[in-house]
Amino acid sequence: MKLALEARALGKTFRVKEKRAGVRGSLRSLFAPEWKEKTAVDRIDLSVATGETVALLGPNGAGKSTTIKMLTGILHPTAGEATVAGLTPWRERTKLAYRIGTVFGQKSQLWYHLPPVDTFELISRVYELDRRDYAKRRDRLVERFELGPYLHTPVRKLSLGERMRCEIAASFLHRPQILFLDEPTIGLDVVVKERIREIIRERNREEETTVFLTSHDAGDVEELCSRAIVIHHGGVLVDRPVALLRRELLSSKTVTVTLADSEDPATAAEWFGRRAWAPLPEGVELAAIEGKRVRLSVDLALTDMNQLLASLTQAARIADLTVEDPTLEDTIKHIYGMEKTKGGVSP
Amino acid sequence: MSGTLRFLLASWKVNLASALEYRLSFFLLAGMMFVNNTIWLFFWYLFFARFPVVSGWEIGDVMLLWAVSAGGFGWASVLFGNFPRIATIVSSGQLDVYLSQPKPVLLNMLTSRMSVTGAGDFAFGLIVFLWAGDLTPRGCLLFACALLLAGVLFIGVMAIAGSLAFWIGNAEGIASQVFGGFISLTIYPTGIFRGAAKVILFTVVPAGFIGYMPIGLMREFDPGFAAAAFCAAAIFSACGALLFRVGLARYASGNAMTMRN
C-alpha cells in the first residue's frame with residue numbers, strides 16, 4: 001500500500017495569554033501577563049493511502065484545521081514528523097505545493113473583483129503549467145463543474161455555491177495528487193453540496209486523487225469518504241471505515257412509527273399515554289412525537305427488533321414504519337458521550 | 001527564475017485588471033493623491049519664497065526630493081502594494097493562501113495587491129521630475145536609480161516592521177507608526193537634521209538616504225553616498241526578507257474570512 005501521507009506523533013501547541021475580565025485584568029495583564037500552553041493537536045498518528053478519501057472529524061477546537069495546516073506546510077508543528085507526497089510539508093513547502101491542492105472554505109484564492117477565468121490564468125502561472133495543457137485542463141474542468149455561465153462574471157457577483165465550485169475547480173487545475181479540503185461545503189444548500197461531492201468523487205475515481213477533508217457536515221463524510229478519523233481535544237479518538245463506524249460503535253436503530261388515521265384519539269402522544277406500553281420496554285426510548293409520528297431509539301443490545309415490531313403491530317394500527325441507522329452526527333455525539341463517561345474510547 | 005518572472009507579470013496584470021474594475025474610483029483615488037502631494041509642494045514653494053536657501057537646499061532640490069520620495073513610494077505601492085500591510089496580513093492569519101502556493105511567500109504576498117493611490121504618487125513623481133529635473137540621459141538615469149533605491153528602502157523597512165508581527169502578534173500599531181514616521185522623514189530636506197538625529201536617519205531609520213538623493217545622487221553625484229545608499233537598500237531589504245522567512249516558522253494562522261481583492 002503506497003502512502004499519500006503519514007504523520008507520527010504530530011503535535012502543535014500555542015502560547016496563549018490569559019487575561020482576567022475588566023480593566024483591572026487588562027492592567028494586570030499588561031505588567032504581569034500570564035501565559036498558558038494550549039495544545040491544539042496532541043501528538044496524533046495518521047496514515048492515508050494513495051487514492052483514499054478520508055474525513056477528519058471533530059467539534060470546534062478539536063484541532064482539525066491545525067492538523068490540515070501542518071500537513072500542507074502552512075504551520076510548523078511543535079512536535080512529531082509528517083510526510084506528505086514523500087515530502088516534509090514545513091521543510092519542503094514549495095515542492096509540496098506542486099503536488100497538493102487546498103480548498104479552505106473560509107479563505108478564498110479567487111480575486112473578489114475579477115471573473116474566475118482571470119484567477120485561473122494567474123494560478124496557471126503560479127504552478128507554471130504548460131499553456132496548451134492548461135487550456136485543455138481548464139476547459140475540461142469548466143465543463144465538468146458547469147462553470148461556463150459565470151466564468152466571466154466577477155466573483156463578487158457569484159452565489160456562495162458558484163464561488164465554491166470555482167474554488168474547487170481552481171484547486172484541481174494543476175492535477176494535485178492530494179486534495180486537502182477544510183470545510184468545503186460550509187454554508188451551502190443541499191443541491192450545491194451534492195454537486196460538489198459528486199465532482200470530488202469523480203476526480204478521485206478518474207485521477208486517483210487522494211482526498212483529505214475536514215467537515216462538520218455528516219453528509220460530506222457519508223457520501224465522500226471511505227474512512228473517518230475522529231479527533232477531540234487534539235487527539236485521535238477513533239479511526240474507522242465510515243460504514244463500520246456507524247455499525248460497530250452504535251448498536252442502536254431509529255424506529256419511526258406513523259399511526260393509522262383510524263387510531264383514536266388522533267395524536268400519537270395521547271395514544272402513547274393511553275394504550276402503549278407503560279413503561280417502555282428496556283432499551284427503547286421515546287425520542288420524539290410529532291402529530292401521529294413517533295420516533296423511538298432502540299438499543300439492539302437490550303431489545304430484540306423482531307419482538308419490538310411484533311408488539312408494536314399488535315398494539316396499534318400502523319400506517320407506516322421505518323427502521324434506520326443513526327446519522328453520523330448522532331454517531332459522533334455518541335462517541336463524545338462515551339469518552340466523557342468512560343474517559344476514552346479505543347479504536 | 002523565468003517561471004517566477006512570468007508569475008510576477010501575470011500577478012501585476014491581474015492586479016491592474018482588479019484596480020481598473022472600478023474606473024472612476026481608480027482615477028479619483030490616484031488624482032486625489034496627486035492633488036494632495038501638489039498642495040504639500042505648494043507650501044514648500046511659499047516657504048522658499050521667503051527663505052530661498054535653507055542649509056544649502058533650494059526649492060528645486062525640495063521638488064526633486066518629493067519627486068524621488070513620492071515616485072519611489074509610488075512604484076513600490078503599485079507593484080508590491082501589500083508592503084505597508086505585512087503586519088496586518090500576518091497577525092490576522094491571511095498568509096494561508098500564499099503559503100499553499102509554490103512561490104516565494106513574501107514576493108507572492110507583496111505582489112498580490114496594487115495600491116491605486118500609489119499610481120497617483122508615481123505619476124506625481126514623474127511630472128515633478130519632468131518640471132524641475134535634469135532631463136539629460138544622465139539625469140534621467142540617476143533619477144531612475146534614485147526611484148529604485150527609494151522604493152526598495154520603503155519595502156525593506158516595512159518588511160522588517162511588518163515581520164515583527166510574527167513575534168509580538170498585533171504589530172499593526174507599530175508598523176503603522178514606522179510607516180507614517182518613515183514617510184514623513186523622507187519628505188524633509190536632510191540638511192535640517194543635525195547630530196544624533198542625522199545618525200539615526202542614516203542607520204536605524206534610513207529615511208536620510210531617500211532625503212539626500214536630490215543632492216548626493218542627482219545634483220552632485222557622490223560615489224560614496226551612492227554606494228552607501230545602495231548598501232542600505234540591499235541590507236534593509238535582505239534583513240526584511242530574512243526576518244520574514246524566520247518568522248514564518250512562528251506563523252499562527254487564524255480563522256478570519258478572507259478574500260483577495
Side-chain angles (χ1 to χ4, degrees), chain A residues 12 14-17 40 60-61 65-66 68-70 72-78 89-115 118-119 121-129 131 154-156 163 171 174 180 182-183 186-187, chain B residues 1-23 25-26 89-90 92-105 107-108 111-114 116 166-170 245-261:
Chain A
K12 178 80 181 171
F14 291 103
R15 200 162 164 250
V16 185
K17 192 158 88 169
N60 288 331
S65 295
T66 305
I68 238 175
K69 283 173 184 171
M70 286 193 285
T72 50
I74 291 171
L75 292 179
H76 288 233
T78 44
W90 50 95
R91 289 193 203 108
E92 298 162 286
R93 185 194 63 79
T94 310
K95 267 192 209 169
L96 178 69
Y98 284 105
R99 301 181 192 182
I100 62 168
T102 50
V103 178
F104 296 108
Q106 293 181 308
K107 296 187 190 227
S108 177
Q109 59 176 327
L110 301 171
W111 249 255
Y112 188 61
H113 295 297
L114 293 178
D118 282 341
T119 301
E121 174 64 26
L122 180 65
I123 286 174
S124 77
R125 295 297 185 185
V126 168
Y127 290 94
E128 298 172 27
L129 304 179
R131 305 317 297 156
V155 169
R156 67 175 184 276
R163 183 171 75 71
S171 71
H174 63 289
F180 290 92
D182 192 5
E183 303 285 358
I186 195 164
Chain B
M1 189 64 197
S2 62
T4 302
L5 204 61
R6 274 197 288 270
F7 156 69
L8 285 179
L9 288 173
S11 189
W12 288 329
K13 264 167 61 183
V14 166
N15 283 333
L16 183 63
S18 183
L20 290 176
E21 186 66 19
Y22 297 97
R23 278 175 303 170
S25 165
F26 178 89
I89 290 170
V90 170
S92 59
Q94 294 177 47
L95 276 182
D96 293 13
V97 170
Y98 310 111
L99 278 161
S100 63
Q101 294 181 339
K103 285 286 169 270
V105 183
L107 193 65
N108 194 352
T111 56
S112 77
R113 176 174 173 263
M114 175 180 282
V116 177
F166 288 117
W167 283 270
I168 61 174
N170 189 357
R245 193 182 167 84
V246 173
L248 278 179
R250 300 175 58 90
Y251 177 59
S253 190
N255 57 9
M257 296 273 285
T258 53
M259 290 293 295
R260 303 180 80 174
N261 53 19

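Sequence lines set the chain letters: A, B, ... in the order given, protein chains first and strands last, and positions in each chain run from 1.
- For the atom pair CD of B/Glu21 and CH2 of A/Trp111, the computed distance is 14.0 Å after rounding to the nearest 0.5 Å.
- For B/Arg6 (side chain) and A/Glu128 (main-chain N/O), no donor-acceptor pair under 3.5 Å exists by modelled atom type.
- Interatomic distance, B/Asp96 CG to A/Asp182 CG, rounded to the nearest 0.5 Å: 9.0 Å.
- Within 6.0 Å of the CZ atom in A/Arg156, the count of heavy atoms belonging to other residues, nucleotides or ligands exceeds 12.
- Note: B/Tyr251 and A/His76 fail the aromatic proximity criterion, with ring centroids not under 6.0 Å apart.
- Two residues are said to be in side-chain contact when any heavy atoms from C-beta on lie closer than 4.5 Å; A/Thr102 and B/Gln101 fail this criterion.
- Interface remark: A/Ile74 contributes backbone and side-chain atoms alike to the contact with chain B (heavy atom separation under 4.5 Å).
- Remark: A/Leu75 CG to B/Leu95 CG distance equals 10.5 Å, nearest 0.5 Å.
- With rounding to the nearest 0.5 angstrom, the CG atom of A/Asp118 is 9.0 Å from the OG atom of B/Ser18.
- Surrounding CZ of B/Arg23 are at most 12 heavy atoms belonging to other residues, nucleotides or ligands under 6.0 Å away.
- Only the side chain of A/Pro154 comes within contact range of chain B, judged by heavy atoms closer than 4.5 Å.
- Contact count against chain A (heavy-atom pairs under 4.5 Å) is highest for B/Leu99 among B/Leu99, B/Asn15, B/Leu9, B/Leu8.
- We find the OG-NZ distance between B/Ser253 and A/Lys12 to be 10.0 Å, quoted to the nearest 0.5 Å.
- A donor-acceptor pair under 3.5 Å links the side-chain atoms of A/Lys107 to the main chain of B/Gly93, judged by distance alone.
- Counting heavy atoms from C-beta outward, B/Ser100 and A/Thr72 have side chains that stay 4.5 Å or more apart.
- Contact detail for B/Lys103 and A/Tyr98: the closest heavy-atom pair is NZ-OH, 3.6 Å.
- Put simply, CZ on A/Arg125 and OG1 on B/Thr4 are 12.5 Å apart, with the number rounded to the nearest 0.5 Å.
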Stepwise side-chain contact (heavy atoms from CB on, under 4.5 Å) test for A/Thr119 and B/Val14: CA-CA 8 Å; A/Thr119 301; B/Val14 166; 5.9 Å; no
